[in-house]
Amino acid sequence: SAVISQKPSRDICQRGTSLTIQCQVDSQVTMMFWYRQQPGQSLTLIATANQGSEATYESGFVIDKFPISRPNLTFSTLTVSNMSPEDSSIYLCSVLGTGVTYTFGSGTRLTVV
Amino acid sequence: EDQVTQSPEALRLQEGESSSLNCSYTVSGLRGLFWYRQDPGKGPEFLFTLYSAGEEKEKERLKATLTKKESFLHITAPKPEDSATYLCAVQSGGSNYKLTFGKGTLLTVNP
């Protein structure tokens, strides 16, 4: 299965600033996804990162708040913009591999103060 | 809208004490049901995918089963290293690759 490197692993940010999270995969993959895991809540899909086109966002998530880039088949970034304490969460990158297997990165633990 | 409910929220077992975790789901056309294990500070680790009612899969002390309304993760003679949060997720026919997760079951196995 694919190996995912996600950076940073954790960060503490001031409200009103932005943080960009990177996701690097060791093989080319068609489908990449960004999830959010809030304390006590389910993993929730933010968007599907499409190579060569705009990301597809789920209900409740907008591009202005969570801009996503997907420049090639092995890399994607998620930016959390104009952060507030409510954005404190774990953000996870995921890819769809062979055999309908979804692999996840180790996550970015974000704290907004 | 797809829904997944996991129970119990937390389970504490003694080493060797077998038990089961439940995942109830509501989807419009199940394409797959997934079980993951998540350790603190790490991303979910894939365990199983089940596709149709009656299917069963095993891996070491874990066995996953599927019916039309729920899935069970049976843990036989657990060890302390089995302690983790176990997540269930579904992919429906109209989901376009989206996984819908439950909140998970936190399993603690005491030596």
Side-chain angles (χ1 to χ4, degrees), chain A residues 1-11 21 23-25 29-51 53 55-61 78 89-111, chain B residues 1-10 21-27 29-52 55 57 59 64 66 71 84-106:
Chain A
S1 60
V3 176
I4 299 174
S5 174
Q6 191 173 334
K7 295 179 180 179
S9 58
R10 58 178 60 229
D11 207 340
I21 303 168
C23 177
Q24 178 74 54
V25 190
V29 293
T30 303
M31 307 295 292
M32 294 182 74
F33 310 89
W34 288 98
Y35 282 82
R36 182 173 72 180
Q37 189 173 31
Q38 294 180 305
Q41 300 300 314
S42 311
L43 265 158
T44 302
L45 180 64
I46 297 172
T48 301
N50 303 309
Q51 196 268 331
S53 64
T56 303
Y57 290 83
E58 296 297 309
S59 176
F61 298 97
L78 170 74
S89 185
I90 298 173
Y91 293 86
L92 292 145
C93 169
S94 175
V95 302
L96 175 59
T98 56
V100 196
T101 301
Y102 293 83
T103 302
F104 286 81
S106 56
T108 296
R109 182 178 294 273
L110 170 62
T111 302
Chain B
E1 183 179 337
D2 301 341
Q3 291 188 342
V4 178
T5 303
Q6 291 188 246
S7 61
E9 292 185 6
L21 312 181
N22 178 263
C23 171
S24 298
Y25 64 91
T26 304
V27 297
L30 180 70
R31 295 185 66 180
L33 184 139
F34 303 80
W35 282 99
Y36 286 85
R37 168 191 171 126
Q38 186 173 25
D39 293 298
K42 296 187 177 182
E45 175 189 346
F46 172 78
L47 293 174
F48 304 108
T49 306
L50 302 169
Y51 296 101
S52 58
E55 189 174 2
K57 289 191 177 177
K59 179 181 180 180
L66 181 65
S71 176
T85 296
Y86 290 85
L87 303 174
C88 174
V90 297
Q91 183 188 357
S92 66
S95 70
N96 201 27
Y97 301 105
K98 171 185 176 181
L99 295 183
T100 299
F101 281 83
K103 293 184 179 181
T105 294
L106 175 61

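Values below: all heavy atoms of this structure, side chains included; hydrogens, waters and symmetry mates excluded. So that the names make sense, note that chain A is the first sequence line, chain B the second, and so on, each numbered from 1. Bear in mind the structure is a predicted one, so any value in this text is a computation, not a measurement.
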Of the backbone (N, CA, C, O) and the side chain (C-beta and beyond), which part of Leu96(A) lies under 4.5 Å from a heavy atom of chain B, both, or neither?
side chain
Only one of Cys23(A), Ser94(A), Cys93(A) clears side-chain contact (heavy atoms from CB on, under 4.5 Å) with Phe33(A); which?
Ser94(A)
Donor-acceptor contact present, side-chain Thr49(B) to main-chain Phe34(B), <3.5 Å:
no
Return the OH to CZ distance between Tyr86(B) and Arg37(B), rounded to the nearest 0.5 Å.
4.5 Å
By a 4.5 Å heavy-atom criterion (distance strictly below it), what part of Gln6(A) contacts chain B: side chain, backbone, both, or neither?
neither
Checking Phe48(B) against chain A: side chain, backbone, both or neither under 4.5 Å from a heavy atom?
neither
Is Gln6(B) close to chain A through its backbone or its side chain, or both, or neither, when contacts mean heavy atoms under 4.5 Å?
neither
Plane angle bin for Phe101(B) and Tyr35(A) - parallel if under 30°, tilted between 30 and 60°, otherwise perpendicular
perpendicular
